[in-house]
Amino acid sequence: MKLATWNVNSLKVRLPHLLDWLAREQPDVVCLQETKLEDPKFPAAELEALGWRCAYSGQKTYNGVAILSRAPAADLSLGIPGFADEQKRVIAATVDGVRVVCAYVPNGQSVDSDKYRYKLAWLEALTAWLRDELVRSPDLALLGDYNIAPEDRDVHDPAAWKGQVLCSEPERAAFRALQALGLKDSFRLFEQPEGAFTWWDYRMNAFKRRMGLRIDHILLGEHLAPRCKAARIDIEPRKLERPSDHAPVIAEIA
DNA sequence: ATGGCGGCTCGCAGCCGA
């Protein structure tokens with residue numbers, strides 16, 4: 001089972017890239033973030049015609065998440081239960097026995113902002129919910145844009161980013177709290193090249209200069225992690241014209 | 001250098017992202 005996550009930064013603009021990528025990579029499950037589409041505008045018919053089941057929860061301009069799957073998606077759930085949130089950031093479904101949780105973690109803007117406090121509260125609510133969810137569904141995968149670079153090696157310039165949003169210690173502690181639930185960072189189950197990132201700023205030629213961060217992740221429950229055979233980042237779509245600023249991340253489960 | 005780029009909106013300037 002090939003699992004993937006991709007922050008597409010507007011599904012309307014990126015649909016051609018997504019369709020090409022789906023045809024090439026042939027994943028079984030794809031989690032999308034930042035679709036920026038209200039549900040009636042989701043390109044469900046086009047994707048379904050190509051054999052994709054679509055579950056989605058979107059809004060105008062911001063946020064928006066979706067799960068595409070080859071097999072049927074059951075037990076759909078939207079948002080974090082018990083956490084009131086206008087923003088469409090979480091969708092979960094069970095596909096082939098795997099509880100797939102697709103998350104778009106708030107950005108946080110800067111460490112002294114209300115958005116940062118919202119981010120930390122949001123992550124705490126996510127973690128509390130997943131603690132229960134893992135009891136019900138141990139075969140759980142948490143995929144998405146975490147907006148957290150977990151370690152210095154996930155940052156092109158750790159000194160410049162030290163203490164900044166995406167890299168701050170409270171955010172990294174929140175990431176470790178997710179790991180403490182038994183979730184494993186699939187990417188780090190394998191030897192990886194240095195300078196492996198999933199996001200590069202559109203500005204300053206950041207991609208060409210390899211100035212990125214690894215902030216998109218696939219975390220696997222304790223039953224799934226031992227079955228993971230490969231994990232990687234696909235930077236090819238970032239090289240295209242009008243790319244998303246994020247690259248897709250893939251984990252393959254035997 | 002708080003800019004840079006890109007996507008969005010009851011757009012034509014300002015927001016948000018990361």
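In what follows, chains are A, B, ... by sequence order, proteins preceding strands, each numbered from 1.
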Check your understanding: Does B:dG4 sit syn or anti, given that only angles within 90° of 0 count as syn?
Key -> syn
Check your understanding: Is A:R70 positioned over the aromatic face of A:W52, cation under 6.0 angstrom from the ring centre and no more than 45 degrees off axis?
Key -> yes
Review point. For A:K36 and B:dT9, is the shortest distance between a side-chain N/O and OP1 or OP2 below 4.0 Å?
Key: no
Study note, to complete from the structure: For A:H17, the side-chain hydrogen bond (donor to acceptor under 3.5 Å, both in side chains) test, sequence neighbours excluded, returns none
**Study point:** B:dG11 versus B:dT2 - spacing of their C1' atoms, nearest Å
**Key:** 24 Å
Review point. Could you state the CG-C1' distance from A:N63 to B:dG17, rounded to the nearest angstrom?
Key: 10 Å
**Study point:** Set of side-chain hydrogen bond (donor to acceptor under 3.5 Å, both in side chains) partners for A:E169, sequence neighbours left out
**Key:** A:R176
Practice item. Return no unless some side-chain N or O of A:R14 is found under 4.0 Å from OP1 or OP2 of B:dG6. Key: no
Practice item. Round to the nearest Å and state the distance from A:Q59 atom CD to B:dG7 atom P. Key: 19 Å
Practice item. Please determine, by modelled atom types, if A:Y104 and A:E34 share a side-chain donor-acceptor pair under 3.5 angstrom. Key: yes
Exercise for review: For A:K119 and B:dC16, give me the distance from atom NZ to atom P, rounded to whole Å.
Suggested key: 16 Å
Check your understanding: At under 4.0 Å between heavy atoms, what does A:E34 touch on the DNA or RNA strands: base, sugar-phosphate, or nothing?
Key -> sugar-phosphate
Revision key, fill the gap. So, with a heavy-atom separation below 4.0 Å from DNA chain B, the residues of residues 194-216 of chain A are A:W199, A:Y202, A:R203, A:M204, A:I215
Exercise for review: Measure from CG on A:D145 to C1' on B:dC16 and round the result to the nearest Å.
Suggested key: 14 Å
Practice item. Provide the closest heavy-atom pair for A:W161 versus A:L166 in the form atom of the first, atom of the second, distance. Key: CZ3-CD1, 4.0 Å
**Study point:** 5′-ward residue of the pair A:S110/A:L11 relative to DNA chain B
**Key:** A:L11
Exercise for review: Measure the distance from NZ on A:K60 to P on B:dC15 and round it to the nearest whole Å.
Suggested key: 18 Å
Revision key, fill the gap. Here the distance between atom P of B:dG17 and atom OH of A:Y62, to the nearest Å, is 7 Å
Exercise for review: In whole angstrom, give the distance that lies between atom CD of A:Q33 and atom C1' of B:dG7.
Suggested key: 17 Å
Check your understanding: Given the C1' atoms of B:dA1 and B:dC12, what is the spacing between them in whole Å?
Key -> 27 Å
Practice item. Considering just the side-chain nitrogens and oxygens of A:S10, establish if one lies under 4.0 Å of OP1 or OP2 belonging to B:dC8. Key: yes
Exercise for review: Please check if A:I233 and A:L220 belong to a single hydrophobic cluster, counting links between Ile, Leu, Val, Met, Phe, Trp and Tyr side chain heavy atoms closer than 4.5 Å.
Suggested key: yes
Exercise for review: Please lay out, stage by stage, how A:R89 and A:D145 fare under the test side chain to side chain contact (heavy atoms under 4.5 Å, CB included).
Suggested key: CA-CA 10 Å; A:R89 295 182 174 279; A:D145 177 357; over 6 Å; no
Practice item. For B:dC15 versus B:dC10, give the span between their P atoms, rounded off to a whole number of Å. Key: 15 Å
**Study point:** A:R242 CZ - B:dC8 C1' separation (whole Å)
**Key:** 11 Å
